[in-house]
Amino acid sequence: MPELPEVETTCRGIAPHCVGHRITGMVVRQHRLRWPIPRNLPQQVTGSKIHTVTRRGKYLLLTLDHGTLILHLGMSGSLRIVDADTPADKHDHVDIIINGKRCLRLHDPRRFGAVVWTAGAVTQHKLFKHLGPEPLSELFTDAYLHERARKRTCNIKTLIMNANIVVGVGNIYACEALFMAGIRPTLRADKLSRPRCARLVIAIQDVLRQAIKAGGTTLRDFTDGDGNPGYFKQQLHVYDREGQACHQCGHPVKRVITVNRSTYYCSHCQR
DNA sequence: CTTTTGACCTGACAGC
DNA sequence: TGCTGTCAGGTCAAAA
């Protein structure tokens with residue numbers, strides 16, 4: 001479910017309830033997520049203070065006294081702040097109890113999410129070492145994208161969804177950004193001119209910023225830290241709109257499969 | 001090295 | 001009602 005705007009929305013929602021507070025317990029009801037949660041993790045984190053809550057790509061990072069808790073929401077995950085005595089629902093796999101009275105609760109039906117602990121520097125962690133720049137940072141420029149695309153034969157949509165190139169861009173926002181930039185998703189990456197790279201960088205940044213402003217996109221089940229959906233779905237131009245009229249030209253939106261993912265575009269507006 | 005494919009899971013929905 | 005097949009916001013590891 002969650003791409004960068006949804007993770008950012010979650011991050012902003014939970015941070016005020018976490019930062020500066022102490023973890024007084026952790027309950028793991030289901031250890032089998034993307035990677036098994038270590039049996040001794042609750043004892044590792046209990047008693048620690050939460051110093052910061054930040055986002056890197058689609059990962060959430062909770063820095064504690066002696067290390068960092070890395071959370072990922074996978075396809076169907078969400079995090080909420082609830083009272084500690086709220087009965088757990090189906091798929092409520094992990095609770096991080098805060099000050100004994102509230103808890104940060106991970107809900108994830110498909111279990112593609114993850115809870116990972118690292119005592120070392122996060123930037124050196126296997127999962128983070130090779131990540132590309134944040135798309136909303138000054139490091140993500142037309143020059144950078146053009147350089148990384150220059151020798152690639154994969155299609156441009158696959159390239160911008162590659163976290164080693166740029167983080168946070170998933171299936172929805174890749175489709176939307178390519179529409180906004182007027183670029184066909186199936187175009188070979190090495191065929192993209194420098195000016196078109198510039199358009200694409202701007203489009204990615206615009207769509208992510210607008211989606212963050214709307215609290216993310218709720219297609220099925222995304223909710224923020226307080227349980228509310230995101231409202232960006234109403235602003236989608238192509239994603240999940242197969243056969244419907246293009247908002248710019250009226251031609252029906254097409255759907256094709258690339259690398260096993262549905263890809264939506266307007267064959268008239270995108271070349 | 002890059003690119004492609006399979007794998008991991010549950011649930012919703014369409015069609016029979 | 002209930003079965004089967006398809007699809008879904010991600011991404012890692014192995015194969016090609």
Side-chain angles (χ1 to χ4, degrees), chain A residues 1-11 29-37 55-60 70-79 89-94 106-116 125-132 135 147-177 185-191 204 207-208 211-212 214-224 229-236 238-243 255-264:
Chain A
M1 123 196 111
E3 302 182 35
L4 186 149
E6 292 75 35
V7 180
E8 179 65 25
T9 298
T10 300
C11 184
R29 299 183 194 83
Q30 169 61 274
H31 285 80
R32 298 175 54 85
L33 300 188
R34 181 152 220 276
W35 298 287
I37 298 175
R55 177 190 60 73
R56 171 77 173 110
K58 297 173 190 167
Y59 293 95
L60 280 167
I70 302 166
L71 306 178
H72 197 285
L73 301 179
M75 286 277 257
S76 59
S78 58
L79 280 167
D89 234 334
K90 198 177 181 185
H91 306 304
D92 284 345
H93 303 315
V94 178
L106 175 68
H107 177 88
D108 184 10
R110 292 179 72 181
R111 291 197 267 128
F112 289 167
V115 178
V116 174
H125 192 277
K126 183 186 165 191
L127 292 171
F128 290 79
K129 225 174 178 173
H130 302 290
L131 290 183
E147 173 57 28
R148 297 301 302 266
R150 211 162 54 86
K151 291 177 178 166
R152 298 294 195 112
T153 61
C154 67
N155 63 62
I156 186 62
K157 183 194 175 221
T158 305
L159 189 88
I160 61 173
M161 287 178 67
N162 182 346
N164 296 329
I165 304 293
V166 59
V167 297
V169 182
N171 204 28
I172 296 178
Y173 301 112
C175 291
E176 292 299 311
T186 50
L187 185 74
R188 262 174 60 158
D190 60 3
K191 302 286 183 198
I204 289 170
V207 74
L208 294 177
I212 290 169
T217 301
T218 297
L219 281 183
R220 290 166 190 83
D221 48 17
F222 170 71
T223 59
D224 67 13
Y231 295 101
F232 194 69
K233 188 182 192 324
Q234 293 144 267
Q235 296 177 57
L236 296 177
V238 287
Y239 187 84
D240 209 17
R241 295 193 66 243
E242 182 184 14
R255 181 173 82 105
V256 295
I257 304 293
T258 53
V259 201
N260 275 316
R261 308 298 294 272
S262 279
T263 301
Y264 301 86

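Fair warning: this is a prediction, and the values are worked out from it, not measured in the lab.
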Which residues pass the side-chain contact (heavy atoms from CB on, under 4.5 Å) test with V238(A), not counting sequence neighbours?
C175(A), E176(A), F179(A), V253(A), Y264(A), Q270(A)
What's F232(A) touching, base or sugar-phosphate or nothing? Going by heavy atoms closer than 4.0 Å.
nothing
Rounding to an integer number of Å, can you tell me how far E3(A) CD sits from dG10(C) C1'?
9 Å
Stem finding on DNA chain C, please: runs of three or more consecutive Watson-Crick or G-U wobble pairs, both distances under 3.5 Å, sorted by first number.
B:2-8 with C:10-16, B:10-16 with C:2-8
Show me the protein contacts with nucleotides 9-13 of chain B, counting only N or O atoms at under 3.5 Å.
| unit_1 | atom_1 | unit_2 | atom_2 | d |
| --- | --- | --- | --- | --- |
| dC9(B) | OP1 | R32(A) | NH2 | 3.1 |
| dC9(B) | O3' | R111(A) | NH2 | 3.0 |
| dC9(B) | O2 | R110(A) | NE | 2.9 |
| dC9(B) | N3 | R110(A) | NH2 | 3.4 |
| dT10(B) | OP1 | R111(A) | NH2 | 2.9 |
| dT10(B) | O4' | P109(A) | O | 3.3 |
| dT10(B) | O3' | H91(A) | NE2 | 3.2 |
| dG11(B) | OP1 | K90(A) | NZ | 3.1 |
| dG11(B) | OP1 | H91(A) | NE2 | 2.6 |

Residues that [X] engages under side-chain hydrogen bond (donor to acceptor under 3.5 Å, both in side chains), provided they are two or more places apart:
X       : result
T263(A) : K157(A), T258(A)
Y59(A)  : none
H31(A)  : R39(A)
Q235(A) : none

Reading 5' to 3' through nucleotides 11-16 of chain C, protein heavy-atom contacts under 4.0 Å coded B for base, S for sugar-phosphate only, - for none
BSS---
If a protein heavy atom is under 4.0 Å from the base, mark B; if only from the sugar-phosphate, S; if neither, -; do that for nucleotides 1-6 of chain B going 5' to 3'.
-SS-B-
Kindly give the atom pairs (protein nitrogen or oxygen, nucleotide nitrogen or oxygen) under 3.5 Å for nucleotides 2-6 of chain C.
none

D240(A): salt bridge (charged side-chain N to carboxylate O under 4.0 Å, His left out) partners, not counting sequence neighbours
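Applying salt bridge (charged side-chain N to carboxylate O under 4.0 Å, His left out) to D240(A) gives none.
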Name all residues meeting the salt bridge (charged side-chain N to carboxylate O under 4.0 Å, His left out) criterion together with R55(A); count only those two or more places apart in sequence or in a different chain, and write none if there are none.
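Result, salt bridge (charged side-chain N to carboxylate O under 4.0 Å, His left out) vs R55(A): E8(A), E134(A).
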With respect to the phosphate group of dC7(C), does any side-chain polar atom (N or O) of S262(A) fall under 4.0 Å of OP1 or OP2?
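S262(A) to dC7(C) OP1/OP2: no side-chain N or O under 4.0 Å.
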